[in-house]
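The shown structure was predicted, so the numbers you read here are calculated from the model rather than taken from an experiment.
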Amino acid sequence: MKGLFRNSISLVLVITTVFMTISCENESAKEISPQAAELTESRLISFDKIEKMTAQGISGEMLHRGQKATGLASEKQTGRLYSGEGATYYFYGTVNDGELAKTNLNGKLSFDITYYGDVFKVLRGTYVSGNGEVSQARGAILADYTVYLIIELPDNTLLHGIGYENPDNGGIIGDFDMYTTTPTKSTGTWLANVKEIVTPKETTVDILASDGRFTELVSALEKTELSSTLKSDTPHTVFAPTNTAFEMIETLPVGDALRDLLLHHVVEGKFDTRAIHNGMIFSPLFGKTISIGFNSSLFTVNDTVQIIHSNVETANGYIHVIDAVLIE
């Protein structure tokens, strides 16, 4: 992608220094160090793939707060119309070299999660500059804290950014390339400090029930009276088999055996894929431990079951969609 993002140098040092010295609201883009290390693309998925994917609508993608729900948009959804998960940032950018050198970008960047992939979440929203100009923004947050950012600025100017999310405070620091109608590009650094975090209000059971892929799971939860457990304030992480996964079982257990099977898919605590590392072992609410792996492109559970959609946040936990039932 036009040579975007060269080798990284001392990423951890740069991130630590910047987050310690820049405040959320009062620092300007001029104070972002032009010596900040350039960041490399993630090995999980390329920038180009996310850029092409988000350039058009994704099947099953939800809306963001800046969009109105039309009949056509509603028909396209596979469950919730909005994810209820997003954030607003104070955005600061400095162009360090190129034809736009010394240009500063100061404004607010607002995103909603509109699609949950296997190792990424799609972001869509807007960038509002200091003078009130509104630009469309899109990108993704990856399971390794990498952030891809695309902003369609006025005058046919396009910003392609890559950054790293600070796991402690949610702030993002990164580099960008800017393209105009001329053959040359400009490069710079950017910082996004969290202004507001938006989290879903629906519980795990509510979100599962709103998605047609989980009718078998929701029915089983109701039969075993586990719905109340996953609606409680106690945080849980659920590895949720789809209807197709349940169809692969010849005979579904009943009674206490079904309850035990379902509890084998539930771990106490909130764990997204950024908190899960290769080889991590979990103790579910019933049965033997389950292990997390990574097969170079997808997270796996017990080596063979794949997490096909990850990090679906709920009011009381996370859902990771899996392609098979975990047999204890």
Identify whether [X] and [Y] are in the same connected component of the hydrophobic contact network (ILVMFWY, side-chain heavy atoms under 4.5 Å).
X	Y	result
Phe111	Ile113	yes
Val198	Phe91	no
Ile141	Ile197	yes
Ile308	Ile249	yes
Met62	Leu208	yes

Which atom names give the shortest non-hydrogen contact between [X] and [Y], and what distance separates them?
X	Y	result
Val95	Ser186	CG1-CB, 3.6 Å
Gly93	Phe176	CA-CE2, 4.3 Å
Pro284	Leu263	CB-O, 3.8 Å
Thr273	Ala143	OG1-CB, 3.2 Å
Ile281	Ser291	CD1-CB, 3.5 Å
Ser135	Ile151	CB-CG2, 4.0 Å

To the nearest 0.5 Å, what is the distance between [atom1] ([X]) and [atom2] ([Y])?
X	Y	atom1	atom2	answer
Phe299	Ile276	CZ	CD1	7.0 Å
Thr187	Leu100	OG1	CG	10.5 Å
Leu123	Tyr148	CG	OH	12.5 Å
Leu158	Thr181	CG	OG1	12.0 Å
Thr314	Glu85	OG1	CD	9.5 Å
Asp97	Thr184	CG	OG1	10.5 Å

Are [X] and [Y] side-chain neighbours, meaning at least one heavy-atom pair lies under 4.5 Å?
X	Y	value
Met53	Ile58	yes
Thr157	Thr180	yes
Ile307	Val301	yes
Asn302	Val305	no
Phe214	Ile207	no
Leu109	Leu149	yes
His264	Phe239	no
Leu142	Ile45	yes

Check the pair His320, Asn311 against side chain to side chain contact (heavy atoms under 4.5 Å, CB included), reporting the backbone distance first and the verdict last.
CA-CA 6 Å; His320 301 298; Asn311 303 332; 3.3 Å; yes

Between [X] (side chain) and [Y] (backbone), is there a donor-acceptor pair under 3.5 Å?
X	Y	answer
Trp190	Tyr92	no
Asn243	Thr215	yes
His265	Leu326	yes
Asp272	Ala275	yes
Thr242	Ala245	yes
Asp323	Gln306	yes
Thr54	Arg138	no

Checking side-chain polar atoms at under 3.5 Å, does [X] have a donor or acceptor matched by the opposite partner on [Y]?
X	Y	value
Glu99	Thr182	yes
Asn295	Thr300	no
Ser110	Thr88	yes
Asp144	Thr146	yes
Thr204	Asn316	yes
Thr114	Glu61	yes
Ser129	Asn131	yes

Angle class for the His160/Phe47 ring planes (parallel below 30°, perpendicular above 60°, tilted otherwise)?
tilted

Please report the C-alpha distance between Arg124 and Leu63 in whole Å, then the side-chain angles of each, then the deciding distance to 0.1 Å, and finally whether the side chain to side chain contact (heavy atoms under 4.5 Å, CB included) criterion is met.
CA-CA 8 Å; Arg124 287 196 191 273; Leu63 302 179; over 6 Å; no

Please determine whether a side-chain nitrogen of the Lys or Arg among Arg259 and Glu225 lies less than 4.0 Å from a carboxylate oxygen of the Asp or Glu.
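Not counted as a salt bridge, because no side-chain N and carboxylate O are separated by less than 4.0 Å.
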
Do Phe282 and Phe271 make the cut of ring centroids closer than 6.0 angstrom?
yes

Under the criterion side chain to side chain contact (heavy atoms under 4.5 Å, CB included), I'd like the reasoning laid out for Lys270 against Glu313: C-alpha separation, chi angles, the key distance, then a yes or no.
CA-CA 9 Å; Lys270 293 186 69 169; Glu313 188 172 8; 3.3 Å; yes

Above 12 or not: heavy atoms from other molecules or residues under 6.0 Å from NZ of Lys102?
no

Between Lys185 and Tyr179, is NZ or CZ placed under 6.0 angstrom from the six-membered ring centre and within 45° of the ring axis?
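Checked: cation-pi criterion not met.
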
Can you list the steps and then say if Leu230 with Thr203 is a side chain to side chain contact (heavy atoms under 4.5 Å, CB included)?
CA-CA 7 Å; Leu230 298 184; Thr203 68; over 6 Å; no

